[in-house]
Amino acid sequence: MARIVQKFGGTSVADMTRIKAVAVTVKRELDAGNQVAVVLSAMAGVTDQLVGYAAQTGSVFDAREYDVVVSTGEQVTVGLLALCLQNLGVTARSWLGWQVPISTDGVHGKARIKAIEAKELRRRMATGEVPVVAGFQGFGPDNRITTLGRGGSDTSAVALAAALEADRCDIYTDVEGVYTCDPRIVAKARKIDKITYEEMLELASLGAKVLQTRSVVLAMRMGVRLHVRSSYSDVPGTLVVDEDEIVEHEMVSGIAYSRDEAKITLVKVRDKPGVAAAIFGPLADASINVDMIVQNVSADGKATDITFTVPRGELKRTVETLEAKRKQLGYADLISDANVAKISVIGVGMRSHAGVAQRMFKTLGEKGINIQVISTSEIKVSVLVAEEYTELALRALHSAYGLDSE
Ligand code: ADP
Ligand code: ASP
Ligand code: MG
């Protein structure tokens with residue numbers, strides 16, 4: 001007997017036919033003698049629609065009310081699945097975040113889970129009951145509803161698995177597992193049987209939205225075994241595991257992309273101590289996350305250009321923040337570009353293979369794709385390119401690293 005958390009994403013609960021199919025999948029696991037808790041997302045597209053409604057209300061933005069609105073999609077699906085399970089003869093009930101309870105910090109819109117009280121759920125699971133828990137939500141220190149950031153029900157599932165001391169956390173989604181690249185863009189992408197937490201973390205944080213980044217961090221920290229698999233078929237998916245469980249490492253295991261990027265260049269910034277702090281300090285104060293940065297030494301020892309990227313949704317605020325400081329920073333011009341994409345190749349095998357970056361630059365060069373910014377870490381190389389080359393770059397790199405399926 002195993003204790004399992006099963007999480008189903010938006011497309012897996014997109015309509016009544018799909019929800020009934022989920023009920024059958026849950027019952028199968030129960031019939032095999034396991035204890036099961038379920039975590040659900042809202043129906044595909046519903047959260048986007050709710051975010052859209054909130055955006056139309058006007059210029060006043062109260063993130064606490066935003067959370068009240070956007071968390072409702074999950075209330076619908078958990079109730080419907082509990083009903084479908086009951087119709088199959090399974091004892092089941094729905095649980096909203098505050099009912100479990102799942103407590104979070106007070107950062108509305110991207111709250112972090114602080115604690116999950118799982119004793120009552122565990123007691124009920126031992127009797128064969130199935131808790132159906134709303135993903136993406138919790139409640140904050142002031143008892144108001146919070147949400148965990150887009151894609152957050154993955155994190156709800158992993159946190160619940162940790163709290164329940166579950167043997168496994170199965171993430172059911174609309175693809176068969178984690179692929180070498182987004183299978184919707186690269187048709188030759190291959191399913192990965194086993195991937196390390198570390199690589200999965202890079203893939204997720206560099207744009208592969210198959211798992212929310214925080215869910216991977218949490219799984220790694222709490223030792224939760226993740227299995228990403230299809231809700232449409234029963235084929236084995238991808239296991240996320242410790243590095244020592246993988247014998248042979250590919251040089252590159254995956255390629256990710258993100259269109260959520262914007263580039264800013266400050267022209268002719270004074271080249272003297274303290275300038276970088278003067279530029280990035282105010283951005284940090286405004287909670288704007290700066291990602292890639294390039295700065296060269298100045299030829300004349302007086303002025304240099306500095307280029308960096310921020311999330312596309314923060315471009316306007318970034319420009320406003322820097323323009324407000326223009327006199328103090330003393331730059332000659334500010335150029336911004338929202339039509340950029342970040343392409344990243346990832347693999348723990350990079351630690352022992354030389355030439356990964358070189359192959360990336362050569363491949364992009366041969367396709368006539370200009371590299372605007374480069375950044376590297378121990379297990380990844382990222383480049384910024386014009387957004388229109390995203391697909392071309394991904395497919396060319398996928399072939400160049402020998403990742404294409406036959
Ligand atoms: P869910 O609603 O089940 O949470 P998501 O849409 O959040 O599903 O995540 C699944 C999607 O992630 C897939 O449909 C796929 O297009 C995308 N994706 C991006 N990169 C990858 C990758 N490397 N492997 C698998 N899927 C990926
Ligand atoms: N429904 C939420 C979203 O669309 C959470 C999730 O699907 O993981 O972001
Ligand atoms: Mg998701």
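When a ligand or atom number is given, it counts from 1 through the structure's own listing order. The residues of the chain are indexed from 1 along the displayed sequence.
For D170 (side chain) and Q6 (main-chain N/O), no donor-acceptor pair under 3.5 Å exists by modelled atom type. In this structure, S399 contributes its side chain and R395 its backbone to a donor-acceptor pair below 3.5 Å. A donor-acceptor pair under 3.5 Å links the side-chain atoms of R190 to the main chain of L403, judged by distance alone.
Heavy atoms of C181 approach ligand 1 to within less than 4.0 angstrom. Proximity of V175 to ligand 1 is established by a heavy-atom distance of less than 4.0 Å.
The residue among V186, D182, I192, T47 with a heavy atom at the shortest distance from atom 16 (O) of ligand 1 is D182. Taking only non-hydrogen atoms, the option from V228, V210, I255 nearest to atom 27 (C) of ligand 1 is V210. Considering G207, A204, A208, G177 only, the shortest heavy-atom separation from atom 25 (C) of ligand 1 involves G177.
Defined by atom type and a distance below 3.5 Å, a donor-acceptor pair is missing between the side-chain atoms of E243 and T196. A side-chain donor-acceptor contact under 3.5 Å links D67 and T147. Under the 3.5 Å distance criterion, with hydrogens and angles disregarded, a donor-acceptor pair is assigned to the side chains of S258 and E261. Between the side chains of S231 and R18, at least one donor N or O lies within less than 3.5 Å of an accepting N or O.
Separation of the F280 and F308 ring centroids falls under the 6.0 Å cut-off.
Closest to atom 23 (N) of ligand 1, if we only count protein heavy atoms, is Y179 O, 3.0 Å. The protein heavy atom nearest to atom 7 (O) of ligand 1 is K209 O, 3.5 Å. When hydrogens are left out, the protein atom nearest atom 4 (O) of ligand 1 is K7 NZ, 3.2 Å; that is the closest non-hydrogen contact.
A heavy-atom cutoff of 4.0 Å around ligand 2 is satisfied by the protein residues S41, A42, T47, E74, F136, R150, G151, G152, S153.
Interatomic distance, T155 OG1 to L148 CG, rounded to the nearest 0.5 Å: 6.5 Å. For the atom pair CD1 (I102) and OG (S156), the distance works out to 5.5 Å, reported to the nearest 0.5 Å. Remark: L334 CG to T265 OG1 distance equals 8.0 Å, nearest 0.5 Å. The CD atom of E323 sits 5.0 Å away from the OH atom of Y331 when rounded to the nearest 0.5 Å.
Geometrically, ligand 1 and D174 share a nitrogen or oxygen pair separated by less than 3.5 Å. Residue-to-ligand polar distances keep D154 apart from ligand 1: every N/O pair is separated by 3.5 Å or more. Of the N or O atoms in T180, none lie within a sub-3.5 Å distance of an N or O in ligand 1. An N or O contact shorter than 3.5 Å links G10 to ligand 1 by distance. Considering backbone and side-chain atoms alike, T173 places an N or O below 3.5 Å from some N or O of ligand 1.
Using a 4.0 Å cut-off between heavy atoms, P183 contacts ligand 1 through its side chain alone, with no backbone atom that close. Within the 4.0 Å heavy-atom criterion, the part of R184 lying near ligand 1 is the side chain and not the backbone.
Residue V178 has at least one heavy-atom neighbour below 4.0 Å for each of these atoms of ligand 1: 24 (N).
Residues G177 and V210 come closest through the heavy atom pair O-CG2, 4.4 Å.
R184 forms no cation-pi arrangement with Y179, by the criterion of a distance under 6.0 Å to the ring centre and an angle within 45° of the ring axis.
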